[in-house]
Amino acid sequence: MGSCGGGAHCSRSRVLVVFFCLWGLISLSCAARLSVSRQKLEVQKHLNRLNKPAVKSIESPDGDIIDCVHMSHQPAFDHPYLKDHKIQMRPSYHPEGRVFDDSKVSTGSKQRTNSITQLWHVNDKCPEGTIPIRRTKEEDVLRASSVKRYGRKKHRAIPQPRSADPDLINESGHQHAIAYVEGDKYFGAKATINVWEPKIQQPNEFSLSQLWILGGSFGQDLNSIEAGWQVSPDLYGDNNTRLFTYWTSDAYQATGCYNLLCSGFIQINSEIAMGASISPVSGLRNSQYDISILVWKDPNEGHWWMQFGNDYVLGYWPSFLFSYLADSASMIEWGGEVVNSEPDGRHTSTQMGSGRFPEEGFGKASYFRNIQVVDSSNNLKAPKGIGTFTEKSNCYDVQTGNNGDWGRYFYYGGPGRNENCP
């Protein structure tokens, strides 16, 4: 049993076995090649969807290509509900209240902060009537787990102050140091955010500093609008600090994306590119730079608008994208978030903010200052009853304060792995 026994019959059997083995290998090789070419085709189709025809293209010193795309050809208008949408060129109302001049010296001459711009501006600018869009490259999409997941956050990326469930924390790998308010109806939020370039340990980790405008429960129906700065090698292919936005209406499942990487946000501004590098960034015991971000709900049209600095109204998220946020937000959060993938089974050394703890103060620790909320009368107000939350304060922490020039503020961040955060 099991032996051929020799002769012509045996030789034919061997030939057949070799033939079928070779055919199997060829089939596997063909299948692999087909799979690769199918993926390339899928990636190319996605790039064609995202990268709209440009009136003009600008090369940024960091290697980005910024395409100046006619405003009416932007990705938002791929959305079936936006086919006949008339672009709103300005908000009907702007929030009123105490306006902090972001170019002013803050508390004392030691705490002077400086204005900030985007790196691509040094080479050119986009003409009126167009919007700047960072071009997506093939390698950007290939870094994602799938074409479908490109430009999307992973599930469970929201800090939940009331449920610091250790299982949930470990499962998501996301860690936060935030200030928050809840228990009212909110129609917007503002903050001036210190800008740094935190070090990222693993390419699949990120570090960001942002505000969250949240509606609904923390279940499958969560609505979120987010804006701030981030360092994300996975998304952008480098370690530059970049301006970003995000939205979702179903807790990061099927809806929403970063920047303009899907239909949703309608941009009207020709000067600021979502996802483009911010320059310069703050240095330790050196010049400090910050950006001001305001997101608010237009009481007339119901859209959520975003402003960058004092001068740039960037555009809006149409209200139909959301369920709960079509009415109002139930919670506002400000602060930092990192991904801790626990390389080598130890805590990551990915930094949050400046990589220093809050108690080190101005020039060393990162801050949010002049944090405000927009109330039902469309007024900007100091938030009442601020809470703070961090999963592991030995890794990343947060400390709030209040004074005349900075209003409500907090320092936040940390180095990640250290002797108290193994």
Side-chain angles (χ1 to χ4, degrees), residues 74-88 91-93 95 148-163 168 172 174 176 178 180-190 210-228 244-268 274 293-307 314-334 337 373-378 383:
Q74 63 184 292
F77 296 110
D78 293 341
H79 197 294
Y81 286 12
L82 288 170
K83 288 287 182 234
D84 303 314
H85 182 82
K86 188 176 184 305
I87 301 175
Q88 200 177 328
S92 312
Y93 294 93
K148 204 174 169 187
R149 292 305 304 167
Y150 171 64
R152 297 191 164 175
K153 278 192 178 186
K154 293 180 175 64
H155 300 190
R156 297 187 184 273
I158 284 276
Q160 293 179 244
R162 291 183 307 285
S163 67
L168 184 69
S172 75
H174 288 247
H176 308 85
I178 62 158
Y180 68 94
V181 288
E182 60 180 338
D184 204 346
K185 286 189 165 193
Y186 306 101
F187 296 84
K190 187 178 183 186
Q210 65 168 71
L211 55 84
W212 288 261
I213 290 176
L214 301 168
S217 70
F218 283 95
Q220 307 300 301
D221 60 355
L222 182 79
N223 288 199
S224 182
I225 291 174
E226 306 168 27
F244 83 95
T245 60
Y246 199 93
W247 71 274
T248 179
S249 61
D250 64 355
Y252 308 100
Q253 293 173 99
T255 62
C257 59
Y258 281 110
N259 307 325
L260 303 182
L261 296 176
C262 65
S263 310
F265 186 82
I266 297 172
Q267 184 158 337
I268 60 166
M274 302 290 199
I293 288 175
L294 166 65
V295 176
W296 80 101
K297 193 172 194 291
D298 184 328
N300 205 11
E301 302 282 343
H303 306 321
W304 287 89
W305 285 81
M306 176 175 169
Q307 180 172 311
L314 299 192
Y316 56 96
W317 290 271
S319 61
F320 77 79
L321 295 172
F322 305 102
S323 51
Y324 295 99
L325 288 180
D327 173 45
S328 61
S330 52
M331 189 172 199
I332 308 289
E333 298 177 345
W334 302 263
E337 176 183 356
V373 294
V374 180
D375 69 10
S376 57
S377 307
N378 202 35

Can you give me the closest heavy-atom contact between [X] and [Y], atom names plus distance?
| X | Y | value |
| --- | --- | --- |
| L211 | A189 | CD2-O, 4.1 Å |
| G215 | L325 | N-CD2, 3.9 Å |
| C262 | P75 | O-CB, 4.1 Å |
| G188 | I332 | O-CD1, 4.0 Å |
| S217 | L222 | O-CD1, 3.1 Å |

**Request:** Flag the pair H79 / F320 as yes when their ring centroid distance falls below 6.0 Å, and as no otherwise.
**Result:**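 H79 vs F320: aromatic centres under 6.0 Å.
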Give a yes or no answer on whether the side chain of [X] reaches the backbone of [Y] with a donor-acceptor pair at less than 3.5 Å.
| X | Y | result |
| --- | --- | --- |
| S224 | W247 | no |
| Q253 | D250 | yes |
| W304 | A326 | no |
| H303 | Y316 | no |
| R152 | Y252 | no |
| N223 | F322 | no |
| Y186 | L214 | no |
| Q160 | F218 | no |
| D298 | S92 | yes |

**Asked** Between S330 and Y324, is a side chain to side chain contact (heavy atoms under 4.5 Å, CB included) present by the stated rule, with each step listed?
**Response** CA-CA 9 Å; S330 52; Y324 295 99; over 6 Å; no
For the [atom1] atom of [X] and the [atom2] atom of [Y], what is their distance to the nearest 0.5 Å?
| X | Y | atom1 | atom2 | answer |
| --- | --- | --- | --- | --- |
| T245 | L260 | OG1 | CG | 6.5 Å |
| S263 | L321 | OG | CG | 9.5 Å |
| E337 | I178 | CD | CD1 | 9.5 Å |
| N378 | W296 | CG | CH2 | 9.0 Å |
| M274 | F244 | CE | CZ | 10.5 Å |
| H176 | Q210 | NE2 | CD | 8.0 Å |

Could you check if a side-chain atom of [X] sits within less than 4.5 angstrom of a side-chain atom of [Y], using non-hydrogen atoms only?
| X | Y | value |
| --- | --- | --- |
| K83 | H85 | no |
| Q307 | I293 | no |
| L314 | I268 | no |
| E333 | P159 | yes |
| I225 | W212 | no |
| I266 | P318 | yes |

**Request:** Assign the ring pair Y258 / Y246 to parallel, tilted or perpendicular, where the plane angle (0 to 90°) is split at 30° and 60°.
**Result:**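 Judged by the thresholds at 30° and 60°, the geometry between Y258 and Y246 is perpendicular.
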**Message:** Using side chain to side chain contact (heavy atoms under 4.5 Å, CB included), reason through W305 and V295 one step at a time and then give a plain yes or no.
**Reply:** CA-CA 5 Å; W305 285 81; V295 176; over 6 Å; no
**Request:** For atom OH of Y93, decide whether the heavy atoms of other residues, nucleotides or ligands shown that lie under 6.0 angstrom number more than 12.
**Result:**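 Counting other residues, nucleotides and ligands, OH of Y93 stays at 12 neighbours or fewer.
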**Message:** What I want to find out is whether D375 reaches K185 closely enough, with some N-O distance under 4.0 Å, to be called a salt bridge.
**Reply:**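 Between K185 and D375 there is no salt bridge, as every charged N stays at least 4.0 Å from the carboxylate O atoms.
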**Asked** Taking it one step at a time, do S323 and D221 satisfy side-chain hydrogen bond (donor to acceptor under 3.5 Å, both in side chains)?
**Response** CA-CA 8 Å; S323 51; D221 60 355; over 6 Å; no
